[in-house]
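Note on naming: letters A, B, ... go to the chains in the order of the sequence lines (proteins, then strands), and numbering restarts at 1 for each one. Because only heavy atoms are used, hydrogens play no part in the values below, and waters and symmetry mates are left out as well, while side chains stay in.
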Protein chains: 2
Amino acid sequence: MATRTDAPTRREQILKEAARLFAERGFHGVGVDEIGAAVGISGPGLYRHFAGKDAMLAELLVGISEQLLRGGERRTAEAAGSPGAALDSLIEGHIDFALDDRPLITLHDRELDRLRDSDRKLVRSSQRRYVELWVSAVRGVYPGLAEAEARASVHAVFGLLNSTPHLGRPGALPGREAMAGLLRRLAHGALEAASKGDAGDSSGSGRSQ
Amino acid sequence: MATRTDAPTRREQILKEAARLFAERGFHGVGVDEIGAAVGISGPGLYRHFAGKDAMLAELLVGISEQLLRGGERRTAEAAGSPGAALDSLIEGHIDFALDDRPLITLHDRELDRLRDSDRKLVRSSQRRYVELWVSAVRGVYPGLAEAEARASVHAVFGLLNSTPHLGRPGALPGREAMAGLLRRLAHGALEAASKGDAGDSSGSGRSQ
DNA sequence: TCCCACTGTTAGTGAGCGTTAACGTATGTC
DNA sequence: GACATACGTTAACGCTCACTAACAGTGGGA
């Protein structure tokens, strides 16, 4: 992860602002003029850098999903042999992503179907492989968990970790480090609980009721 | 809960199909002609039943948020005096909602900003009160949890429970009752874990790392 | 100096789409 | 029978908006 010091190129500026705007008001809710205005040029000037509005979305979504997958692969490779460490690292990486790239998270599961078939297939493929990474890690730690339940649990934990964009003002919530710690506890607790009481007992899972 | 036996009115048919289409392709991604076709009439015939496309979305979102809030209020009232029972019942109700009304869930946090100011205020108000219901219940069961963390945890659990729409085909996942049980365990486990290790320890929360 | 690639501008075009207008028909009521 | 109401239809309007055309300034390399 080479930390870059050079100034962002125009393409990158555009992608960043487009991501923010798309996340705020949806793909169809944002006009090219607004995206242009956000980077100081106006409207059709964007077409010097991208083939069209669709191309920006495609590049964003493909980029996110591939980056997420590569990060996951790297982390599981580093933790090879220790399922616990792999799962911890996956959770850690996903928390970083959720806290640092809120707009991208939102886009990721909101505007996927706007893509051309080929791009959507690309994104879906990366997503699927990322999920499988998680499912393997989870089942490595909790071998008792059936595959379907592990997969559903992984999706649920994604929903849990990706919940930060829904917290309105970033004031009334814990600071970044506290938030990361809380999400870590929530995710571990959820998975731990999923692995218990797995024997078809679908009535009172917890305390009372 | 009066189970209705009479046929759904045309308005209700339209709302149901509109909800499904909006959830699938987004508010702007669906044309009025498609909505009309989905109920067997064509395009502008919808205007005999609704003032416009916006009005359909507004009625949907206001309806969902108010229904959710009323259900929560009823459940906490029924469980008055027992914080544990209240939280259990809230979780149960939200799971039912998530499993039975997937399209509405999706709409609920995706298309809110398309609404007129007055309607959006209505929805936001219901949402806020619903969250506060949960925060009170959570803090009743786990008094050690600070308010900001309880609120963040509640949002996270919403994300967890609302994750079912993201599961592609409804075939590769557990059946309805198994899924409900799994979500119950996940939610309880997450909140339980949030309440522990609350003393600013933001490093190793769980097992290894 | 000439050239050309790069990056931007404004004006215009064409398609999509929400909405309205004008009109037709069945049903129940006086 | 006359009439109002409810519920549809098709045709057309007008606005928004992505995209293109035509044009212009800037800067580096031969």
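Counting only heavy atoms from C-beta on, Y47(A) has its side chain closest to dT20(D) among dT19(C), dT9(C), dT20(D). Considering only the side chain of V32(B), dG18(C) comes nearest among dT9(C), dG18(C), dT10(D). The H49(B) side chain lies nearest to dG8(D) when the options are dG8(D), dA22(D), dT20(C). Set against dA22(C), dA11(C), dC23(D), the side chain of R48(A) has dC23(D) as its closest nucleotide.
Rounded to whole angstrom, the span from the NE2 atom of H28(A) across to the P atom of dG16(C) amounts to 12 Å. Look at CZ on R114(B): it is 15 Å from C1' on dG18(C), rounded to the nearest Å. If you measure from atom CZ of R11(B) to atom C1' of dC7(D), you get 14 Å, rounded to the nearest angstrom. Rounded to whole Å, atom C1' of dA6(D) lies 13 Å from atom CD1 of I14(B). Spacing between atom CG of L21(A) and atom P of dA18(D) amounts to 12 Å, rounded to whole angstrom units. One atom, CG of D33(B), and another, P of dT19(C), lie 12 Å apart when rounded to the nearest Å. Atom CZ in F50(B) sits roughly 19 Å away from atom C1' in dT20(C) (whole-Å rounding). The distance between atom CZ of R10(B) and atom P of dT5(D), rounded to the nearest whole Å, is 22 Å.
Counting only N and O atoms by type, the side chains of E73(A) and Y130(A) include no donor and acceptor under 3.5 Å apart. Between the side chains of R11(A) and T9(A), no donor-acceptor pair of N or O atoms lies under 3.5 Å.
Around atom CZ of R129(B), no more than 12 heavy atoms belonging to other residues, nucleotides or ligands sit under 6.0 Å away.
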Practice task
Would you check, one step at a time, whether the test side-chain contact (heavy atoms from CB on, under 4.5 Å) holds for I35(B) with M56(B)?
Solution key: CA-CA 11 Å; I35(B) 304 175; M56(B) 300 180 208; 4.3 Å; yes

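Within the 4.0 angstrom heavy-atom criterion, no nucleotide atom of any strand lies near V39(A). Base contact: G45(A) has a heavy atom under 4.0 Å from a base atom. Using a 4.0 Å heavy-atom criterion, one finds that G52(B) contacts the sugar-phosphate atoms exclusively.
In terms of heavy-atom proximity, Y142(B) sits nearest to H188(B) at OH-O, 4.4 Å.
Mapping I41(B) and P44(B) onto DNA chain D by nearest heavy atom places I41(B) closer to the 5' end of the strand.
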